[in-house]
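Only one structure is covered here, and it is reproduced in the block below.
Note that this is a predicted model, so its numbers are computed, not measured. Side chains included, hydrogens not; waters and symmetry mates left out as well; all remaining heavy atoms used. Naming convention: chains lettered A, B, ... in sequence-line order (proteins, then strands); numbering from 1 in each chain.
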There are 4 protein chains.
Amino acid sequence: MQSPIRVGLVGTGRIGRNHASMITATPGLRLTSVTDVNSESATEVARAFNVEAMPTVDKLLDSANVDAVAICTSTDGHVDVIVAAAAAGKAIFCEKPISIDLSQVDRAIAAVNLAKVPFLVGFNRRFDPHNRAVSSAVHRGDIGELHILRITSRDPIAPPVSYVKVSGGIFIDMMIHDFDMAHYISRSKIVEIFAKGAVRIDPAIGEVGDIDTAVVVLTHEDGTITTIDNSRQSVYGYDQRIEAFGSKGMVTSQNVLENNAILALADGSHSARVQDFFPERYAEAYRNEWLEFAKYLIEGGPSPVSIEDGRHPIVAGLAAGLSLREGRPVRLSEISIPASQVL
Amino acid sequence: MQSPIRVGLVGTGRIGRNHASMITATPGLRLTSVTDVNSESATEVARAFNVEAMPTVDKLLDSANVDAVAICTSTDGHVDVIVAAAAAGKAIFCEKPISIDLSQVDRAIAAVNLAKVPFLVGFNRRFDPHNRAVSSAVHRGDIGELHILRITSRDPIAPPVSYVKVSGGIFIDMMIHDFDMAHYISRSKIVEIFAKGAVRIDPAIGEVGDIDTAVVVLTHEDGTITTIDNSRQSVYGYDQRIEAFGSKGMVTSQNVLENNAILALADGSHSARVQDFFPERYAEAYRNEWLEFAKYLIEGGPSPVSIEDGRHPIVAGLAAGLSLREGRPVRLSEISIPASQVL
Amino acid sequence: MQSPIRVGLVGTGRIGRNHASMITATPGLRLTSVTDVNSESATEVARAFNVEAMPTVDKLLDSANVDAVAICTSTDGHVDVIVAAAAAGKAIFCEKPISIDLSQVDRAIAAVNLAKVPFLVGFNRRFDPHNRAVSSAVHRGDIGELHILRITSRDPIAPPVSYVKVSGGIFIDMMIHDFDMAHYISRSKIVEIFAKGAVRIDPAIGEVGDIDTAVVVLTHEDGTITTIDNSRQSVYGYDQRIEAFGSKGMVTSQNVLENNAILALADGSHSARVQDFFPERYAEAYRNEWLEFAKYLIEGGPSPVSIEDGRHPIVAGLAAGLSLREGRPVRLSEISIPASQVL
Amino acid sequence: MQSPIRVGLVGTGRIGRNHASMITATPGLRLTSVTDVNSESATEVARAFNVEAMPTVDKLLDSANVDAVAICTSTDGHVDVIVAAAAAGKAIFCEKPISIDLSQVDRAIAAVNLAKVPFLVGFNRRFDPHNRAVSSAVHRGDIGELHILRITSRDPIAPPVSYVKVSGGIFIDMMIHDFDMAHYISRSKIVEIFAKGAVRIDPAIGEVGDIDTAVVVLTHEDGTITTIDNSRQSVYGYDQRIEAFGSKGMVTSQNVLENNAILALADGSHSARVQDFFPERYAEAYRNEWLEFAKYLIEGGPSPVSIEDGRHPIVAGLAAGLSLREGRPVRLSEISIPASQVL
């Protein structure tokens, strides 16, 4: 039996703690150290998981006790850590989005490609068993050629406006997952986007220049047409559905309910709420994500979600923003020529 | 094109009117005359359907204008009409149960067999598309050998006690449909019954010697074990479900809802009531029943539901009553040796 | 009891025959005469329904035996019959679309408004119990303010190219129903459309200048955003679903299956096909449509689907075509100023 | 923060390992030592969980490092460990059934009651969120008075005959869970049982004197009638459903599928298998079970599943066996007068 891969966690906020649990529960991985700009948070998490708290990212990266890093800082800190970790030869797990600034993303890509370190972008939804059943059906050809793809993603509750303000906007912060799913399921790049949006939930979101309700139409290289709709507030729970329609059929994933009991009364049938929120809804996805990251580190092969995979939905998000502002369909080539042709 | 088969309706109450509509809408059949002990009711229905009202059953049977009769009188009148109609050489559709008195049933069987007239017992559920999908799956062998069969049949609202009093009791009036389904789906005779029952809905039902809640376990000739449960009052609607479990799988039918919309709110998901009551829930079954009666009259072949098929569930119902009274499993052979060995 | 309203049917093709059955089964209405450019077809239908075949529309309109007409000709014949029927003072039921030429539509509107005859456009889906459960939930305010509406409409099988050629194109021939549903459910006019389309099913459809796969995004006056997707070929059946999402929840309608049995086997669970095609799927809608047309004729009041209701989706369809051709969002005001401001 | 409760595991077979994981993941508990008659197995599990392997149960119970024991030996070893652990003053978690010999169960009850140690019987299904939603609905009164209860429990695959031989038979080994659910949901003792059974899956099961297919009807003290059906082989997965019907409605739990994707093809709709087997299907139930055991140890109060709760389904199982052998309904009082009246 191989000795476990030692993982250092950078960023001990909510999502960082979630990943700390997942790493701990993954055979083949061991959480060894954590760090955070808030040293109190780092100390607390270190104690809870019985690991070392490091004062800085650099110290953590210098440690002989770290083979891989999990980057769970706020988005604007991602690329600096990626570049430093790549230089230190560490394998990298990075939460989405890599950055909201495409030139920063490309800086990260250059560093990772130069260092040839393993890299996985934390697009958790790719690892969800329900989404996977959809993508497997599509990739096996069960529905023939893909014609129309529909993705619904609605959060149960809007985040605080303070968060919205620095989030990069709904297309980068929230719809990025859906752009990635569109790419992942179709296996075809997005070439054009038309976006509509509105402020329907909270005027304060509009006041900071964002929207809370968004619908986009994507055209893919292979002719697939995708629609995505997002809302910042779905009172019935975390609405996460995908539908792929093709020449031979359709495959859909349904929402997961809190429980599956059905109560039949004189006024009709009643069932449970749709399950909130991402840590619960995607618990199994997070488990799978770390299992596959471990497998990728141990066995090699292509990344389950490469850094280039992480770039495409950012370009899509930027194009969606431009489409919304200008009221016209925007081609992704207006935003950036594909990284592959540049780097 | 053949001239239509002319049908005379005996009994113009609720179920009789339902059948009048069905006959009218069935290609190849024509409703020509009606009769009822209540001549006012007969006249009213005759006018509504633009047909002749006859003063008596005998007159209706004498008419040159009648090829077949639909017997929709109260149960205690069935056998006399069957015997007369058979003697007159008419094809016969008879509502269930043929009689609650087995010797009367056997009198009817003798008359029908002697006259060799076509005969169909109105077990409407055999013609329902959902039940049929279940029985087809079983008969095709999709679930392998049948091991366990479960039938649920719960009425939305208890009938008036005046009706209960003359109904023959829950096993003959209500569960007879389920005994028939058990026989129809398993294609195997019931050999033993154990019944439990209770008065849970309406004490007045108990006061007239009946129960309103019943559960039975049936053992079939081929070893299949069936459970049936009945309630006289299911507040959420007319509950009609079947489940067949076997060596290779299971097939179930679900309830039909009033509509299929789903409302997802903060407190969970809500859908419509289960559809009430038999005229609506089994509308398509009634249409199919008459289509197949017409086909059987025109093309010949075995009856879709023969008079012997109509006898078996009556024996089962009588055995269930005895089991309930004596608190022990009862073999159907205690009630009656099979008609086929007698007649 | 009132004497029945006498209906003359103009056009005895497939949809005409369907309506003939519905009229016949509607209390308060009586089919009295039919006509068709194909006199053989008219004669055949007249015989089947035991009514009079008239040689021409004019003769039918002249008849003292006709109070109302059902216009079921090919689309290009609608307006002439409307104008003549209005002039003759007949109540009018007209199949959708009124015309594919907006000036013709406006000619029909002028004639109907001048004659003040009752008029109903045959948007059958408004009368479907499942769609109605959705619209009732929205109109009752169950889901709060409407934010996002999604409509899926996919035919089981593409029509012959000969039909496609004269159909007015997918937006007028097929999506018109969905534009009407978007208007009906939101109770808000469409102001802007962005359309994407592709030929994915049958190249021959592309060769005659049409598409077979279409996705549109609509913006309504009240800010609701609607997406519609259409396909000419859904191999799993006639896919008809609506989803309305709002501030307090979501309501959806599901597809209707051929039966509701579920077969659970070693390789998973299996259920029936989605029910084909409009005459079966919308049978109850057609029944309701005629019941409400009869009620409207007898009791008066506003039309369940007014001629102006029939105009709006045609404008939307024309705007969608323009959007597709020019690759940009199109405002409906580019196509036509609202009829109400003109006429 | 309290120091964690130290748990010693007795029995390191499949279910023991499952519990070892659960204990490890439960806040407030710490697995400290393990033992097994197979010392190799104990050593292996000790190493995997980084705890101490003890050579015997006595050594484990003597250890100052053990506050509570988890008894996961084969059934025939349970009572000796219970008695010893009670004498040592340890809190006790014991897998079901306590014993297949009622006098042994009563010996365990006497020991536990004398020592007044905390005790929980591992009826995992009581802790499942789907079953709980059913029981909560019943206990809240949502369905009014309970009339009929139906429990289905079918294993995906029959155990080896070697296991069947020593299992105590289907009623004690398998249906015991369902007897407990019937008791737990109805909150009413079972007073009478009628059992039917058959060998349909594997003749070898019959050869060792057991059955593989069983249906029982229970009558409860409060008049509720329950049916349970069991099969040793359900090829479509681990079938676990409950339905409670009462005066105001019905509540049901559905099976859990491996994933919730639905594939709609030309031949119908297809979804995933029902999830196998108990470690996966009841993973959340096991987590809850240990969370509540910890809470009970820390906060006191009544046991979530007391040792008396563990006795009742054993009596029911013995009565079911007698009913099957004698072909008659059996009252539980024939087997044993209730422990509460004896002890």
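When the candidates C/Q233, C/R328, C/M250 are compared by the number of heavy-atom contacts under 4.5 Å with chain A, C/M250 comes out ahead. Interface check for chain A: of the options C/E192, C/K196, C/K248, C/E145, the most heavy-atom pairs under 4.5 Å are formed by C/K196.
Close placement of the A/F123 and A/H177 rings is indicated, their centers lying within 6.0 Å of each other.
The part of C/N230 that comes within reach of chain A is its backbone (N, CA, C, O), which places non-hydrogen atoms under 4.5 angstrom from that chain. Contact of C/L146 with chain A is made through the backbone alone, with heavy-atom distances under 4.5 Å. Of the atoms belonging to C/T227, it is side-chain heavy atoms, and not backbone ones, that fall under 4.5 Å from chain A.
Look at C/D239 and C/R154 and you find a salt bridge, because one of the NZ, NE, NH1 or NH2 atoms lies within 4.0 Å of a carboxylate O, short of that distance. The pair C/E292-C/R132 counts as a salt bridge, with a side-chain nitrogen and a carboxylate oxygen less than 4.0 angstrom apart.
With 3.5 Å as the limit, one finds no donor-acceptor pair spanning the side chains of A/Y184 and A/D309.
Distance CG/A/D229 to CZ/C/R150: 5.5 Å, rounded to 0.5 Å.
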